[in-house]
Protein chains: 2
Amino acid sequence: MPTERAGKGLTERLQAALKGRGQRWTEQRQIIVDVLAASDGHATGAELIERVREQDPSATPSTVYRTLDLLEGLGLARHHHGPDGRETYHLEGTAEHGHLHCRGCGAEKELDAAAAAPILKAITSATGFGADLDHLSVHGLCAACRAAQGV
Amino acid sequence: MPTERAGKGLTERLQAALKGRGQRWTEQRQIIVDVLAASDGHATGAELIERVREQDPSATPSTVYRTLDLLEGLGLARHHHGPDGRETYHLEGTAEHGHLHCRGCGAEKELDAAAAAPILKAITSATGFGADLDHLSVHGLCAACRAAQGV
DNA sequence: CAGTCTATCGCAACATGTTGCAATAAGCAT
DNA sequence: ATGCTTATTGCAACATGTTGCGATAGACTG
Ligand SMILES: [Mn+2]
Ligand SMILES: [Mn+2]
Ligand SMILES: [Zn+2]
Ligand SMILES: [Zn+2]
């Protein structure tokens with residue numbers, strides 16, 4: 001797990017967004033954004049705290065979670081929920097996608113925007129809702145497990 | 001919140017299922033099933049613990065959560081996840097349905113089997129997954145909030 | 001009914017988040 | 001550079017679950 005800096009672009013966008021709102025850029029926030037950038041893909045809050053503490057042992061859970069909320073509020077981070085409901089975070093920048101969890105074999109599959117399009121359209125047609133693909137987690141049985149169970 | 005007994009049918013089905021597996025029918029389980037039956041609709045683990053303790057102050061969280069897992073394993077209870085990811089339980093017997101959560105206005109809407117059918121079909125077509133409707137929670141913007149935001 | 005076996009219970013410790021509050025420090029003004 | 005204002009931090013307490021373990025008590029046997 002190499003130490004990795006968030007791209008200059010992201011850091012500067014963040015600083016600008018904060019300044020515009022009278023908010024502050026801190027060393028803690030820099031570290032948390034760096035860790036998120038290095039954790040490409042998915043990481044739970046607890047995992048992020050652990051990695052942040054490698055860089056700054058005095059960091060506390062409250063700061064990490066509040067920063068994650070801040071980043072989500074600014075649209076720079078997203079979360080979805082794993083099979084146990086725990087939040088899992090990633091920086092915006094990854095392509096938007098949903099998640100599928102198989103309760104038979106535990107497999108987790110990503111659902112890219114193209115594959116999701118007809119699903120989101122069906123949701124809107126049936127309910128009027130515009131679903132957040134990034135936040136969508138579907139639980140069920142994958143094709144292989146359905147075949148194995150003869151369903 | 002009246003004290004209410006689970007229907008005889010359910011209790012007897014439970015006792016039979018347990019006996020067949022060398023498991024036991026206990027006073028605690030009776031109370032938890034009764035509370036679930038009285039909490040028609042949705043209740044979180046914490047809410048259920050509180051209600052169980054009204055009947056039996058010595059009941060502990062571990063017993064309640066383990067019993068909920070047991071009931072789910074037997075197919076007699078189900079859960080889905082609220083907007084915060086927290087598990088929300090109900091007894092089987094309610095018609096199977098999914099949930100929609102609007103992040104704009106906070107509205108929560110149920111998705112019955114008929115309305116869900118085309119959505120589940122789209123999921124299977126796109127991914128091969130058979131989705132669990134009971135466990136499905138879709139987060140996004142309701143029609144009214146989409147209109148308000150001009151999306 | 002008393003005795004045995006062991007599933008289940010309650011407890012204690014832990015894991016993961018959340019919140020109120022006083023101390024700190026970022027950003028700005030002088 | 002120095003001081004001010006107040007957003008942010010770290011702490012402590014709390015909320016919600018989870019897990020290992022020894023004590024309790026269902027269910028069955030004789
Ligand atoms: Mn779940
Ligand atoms: Mn969420
Ligand atoms: Zn599977
Ligand atoms: Zn809405």
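Lettering of chains follows the sequences in order, A, B, ..., and the numbering in each one begins at 1.
- For the pairing with A/His81, the side chain to side chain donor-acceptor pair (under 3.5 Å) check across A/His139, A/His101, A/His135 returns one residue only, A/His135.
- Here the P atom of nucleotide C/dA25 and the CH2 atom of A/Trp25 are 18 Å apart, to the nearest Å.
- For B/Gly45 and B/Lys19, each mapped to the nucleotide of DNA chain D holding its nearest heavy atom, the one lying further toward the 5' end belongs to B/Gly45.
- For B/His42 and B/His99, the side-chain atoms include at least one donor-acceptor pair closer than 3.5 Å.
- Checking the phosphate oxygens (OP1, OP2) of C/dC11, no side-chain nitrogen or oxygen of B/Thr60 falls inside 4.0 Å.
- The phosphate of D/dG17 (OP1 or OP2) has no side-chain N or O of B/Ser62 nearer than 4.0 angstrom.
- Taking atom CZ of B/Arg53 as the reference point, atom P of C/dG10 lies 9 Å away to the nearest angstrom.
- Of the residues listed (A/Gln30, A/Arg29, A/Gln23), the one engaging A/Thr26 in a side-chain contact (heavy atoms from CB on, under 4.5 Å) is A/Arg29, and it is the only one.
- Counting any heavy atom pair closer than 4.0 Å across all strands shown, B/Ser58 reaches sugar-phosphate atoms only and no base atom.
- Between the side chain of A/Glu50 and the backbone N or O of A/Glu47 there is no donor-acceptor pair closer than 3.5 Å.
- In this structure, B/Thr26 reaches the C/dC9 phosphate: one of its side-chain N or O atoms is under 4.0 Å from OP1 or OP2.
- Taking side-chain N and O atoms only, B/Arg66 has no distance below 4.0 Å to OP1 or OP2 of D/dG17.
- Between A/Tyr65 and C/dT18 there is no side-chain polar atom (N or O) within less than 4.0 angstrom of OP1 or OP2.
- One atom, CZ of A/Arg86, and another, C1' of C/dA15, lie 8 Å apart when rounded to the nearest Å.
- On a pure distance criterion of 3.5 Å, a polar donor-acceptor pair joins the side chain of A/Arg24 and the base of D/dT6.
- In this structure, CD of B/Gln30 is placed 13 Å from P of D/dG26, rounded to the nearest angstrom.
- Side-chain atoms of B/Ala46 lie closest to D/dG17 of the nucleotides C/dT16, D/dT9, D/dG17.
- Side-chain nitrogen and oxygen atoms of A/Gln23 include none within less than 4.0 Å of the OP1 or OP2 phosphate oxygen of C/dA26.
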